[in-house]
There are 2 protein chains.
Amino acid sequence: MDNYRLFEYISQLNTANTYNQIKQVCTTFCQHLGFDYFIYGSRIPTSLVNPSYIVLSGYPEEWRNHYVEQEYLLIDPTVSHCMEHITPVLWEQFTKTTCKHDKTINKLFYEADDYGLCNGISYPIHSIHGEAAMFSLTTSLANKKSRAHIQSTFAVGQLFASYVHEAMKRIPDNSLLAKTNFYLTKREKECLLWTTEGKTSWEVSQILSISERTVVFHINNAIKKLNVSNKQHAVARAISLGHITPQF
Amino acid sequence: MDNYRLFEYISQLNTANTYNQIKQVCTTFCQHLGFDYFIYGSRIPTSLVNPSYIVLSGYPEEWRNHYVEQEYLLIDPTVSHCMEHITPVLWEQFTKTTCKHDKTINKLFYEADDYGLCNGISYPIHSIHGEAAMFSLTTSLANKKSRAHIQSTFAVGQLFASYVHEAMKRIPDNSLLAKTNFYLTKREKECLLWTTEGKTSWEVSQILSISERTVVFHINNAIKKLNVSNKQHAVARAISLGHITPQF
DNA sequence: CTCATACCTGTCATATGTGACAGCTTATAA
DNA sequence: TTATAAGCTGTCACATATGACAGGTATGAG
């Protein structure tokens, strides 16, 4: 893919305002590169136990349904690769070697084959605050035929995936907005920050040169705003939502 | 850059075992693309207040020293871009428009010019657990001359940066090893996980069908292993170090 | 069999957190 | 002026956490 076309796609993603517009750009990009299907999925750690998901699927609906029913997300090796790494992974890497003995994973790939997803490449996307996502491009061509083709899209695909993710984050999402539509004051953030370092309210009061009662006051306000039940919860949520970030 | 050469570089990074080997690959890559200098910097949130840093510098040492002395890290717009975004940024974007009025930032870019860093591109790298890094390539050519050149390396540079980061993570680092060289048991992780959700020890005991005392026992063990002082600290540290991760 | 480890449970004293009571100053915008 | 928000402080009662005491079972490795 020449640079001009790549920047054209990036520009389209940067101006997209709805999920459908982004989906349209992905579809065109996917076809342009000679792939059959694409999918984008993002996991937002609003909670460690119940994270939020956003999916933009260009997959056959029947395969998606089957995948969800079978809970393949839990065993899909491309997913676990993308959770642990930041470099792309070729699907054939799994069908060939590593998983030869794992029947459930082999079943997954054989069934994908039946739906026309024979080979593909998955790009991990990692963003601030532990946000994890992935973007996959698939082809119905057999491994040997598609290998060179896929490898030639290695770099552009990763870059494109990043812009898709940024575009997705820009779209206002009602289901997530309510959880993040507030702000913590400077003091509230300061008190929480030192709390993540294991400081007690009294210790924080000494650091900030205010009374212990005031620290408690700020932390309680933060707990109410974050809609959580105690300090541990507040610490986890404030980090996840990006209200407190590492200092330089 | 053709695919063969790109995969050659990736392969070299995948087999590198020391910082110097990685640095050598970066130097070659940098020169191959026609750039003058490169730098890789990573911030590991072992603590939110005092994060750990790892730098692989191919910059002129004088400029590095000056940069550190002046604490430019705190105002460098390429750094803040890379902390907030996952897409590359061209340096000329700042020297031209946004920062026209900001004297300190202009000073930074003018001084960089003097050291031969006239234009460049910075790639953000975000990894699991909020780990943030960046990889920059710079040239002594003026903006107009270097623009097309830089844009043509947009995609490969991002991919290369990802592999550099993975390689850096693979190198055993004594300064960090001590902080992560232990493991939490299944129960310890479970107890911490529910603690991040704001559950009290008693509530966790109900969820796991064990006594409250046992939950306290596991959490205390985790606190000792993590070398932290209380639950809040343990929650923050366990998330940062990746001992507990979002469930599916 | 012994050792190490994970896992489990109890009591007690003290420290800290949490929620509700009540009230203050300062700055800024309507 | 009034209203609003941020920041600040105090006391009391009760809940929960923390640390130290002491003890148990089950499992696998050597």
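First the proteins, then the strands, lettered A, B, ... as listed; each starts at 1.
Between A:Ala16 and A:Gln21, the closest heavy-atom pair is CA-OE1, 3.2 Å. Contact record, B:Ile86 with B:His126: CG2-CD2, 3.6 Å, taken as the closest heavy-atom pair.
Rounding to whole angstrom units, NZ of residue A:Lys224 and P of C:dT18 are separated by 12 Å. One interatomic measurement links the two molecules: CG of B:Asn220 to P of D:dC21, which rounds to 14 Å at whole-angstrom precision. One atom, NZ of B:Lys231, and another, P of D:dG19, lie 12 Å apart when rounded to the nearest Å. Atom pair A:Ile219:CD1 and C:dA20:P shows a separation of 17 Å (rounding to whole Å applied). The separation between A:Trp194 atom CH2 and C:dT16 atom C1' is 20 Å, rounded to whole Å. Atoms CG (B:Asn221) and C1' (C:dC8) sit 11 Å apart, rounded to a whole Å. B:Leu184 has its CG atom 15 Å from the C1' atom of C:dT5, to the nearest Å. In this structure, A:Trp202 places its CH2 atom 12 Å from P of C:dG17, rounding to the nearest Å.
Relative to the six-membered ring of A:Phe248, B:Arg43 meets both conditions, a distance below 6.0 Å and an angle of at most 45° to the axis. Taking the ring centre of B:Tyr183 as origin, the terminal cationic atom of B:Lys225 falls inside the region bounded by 6.0 Å and 45° from the ring axis.
Using a 4.0 Å heavy-atom distance criterion, A:Asn230 is classed as a sugar-phosphate-only contact.
When side chains are defined from C-beta on, B:Tyr72 does not count as touching B:Thr104, because their heavy atoms never get closer than 4.5 Å. Looking only at side-chain heavy atoms (C-beta outward), A:Ile171 and A:Tyr19 come within less than 4.5 Å of each other.
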Do nucleotides 6-13 of chain D as a string where each nucleotide becomes B, S or -: B if the base has a protein heavy atom under 4.0 Å, S if just the sugar-phosphate does, - if no protein is that close.
SSBBBB--
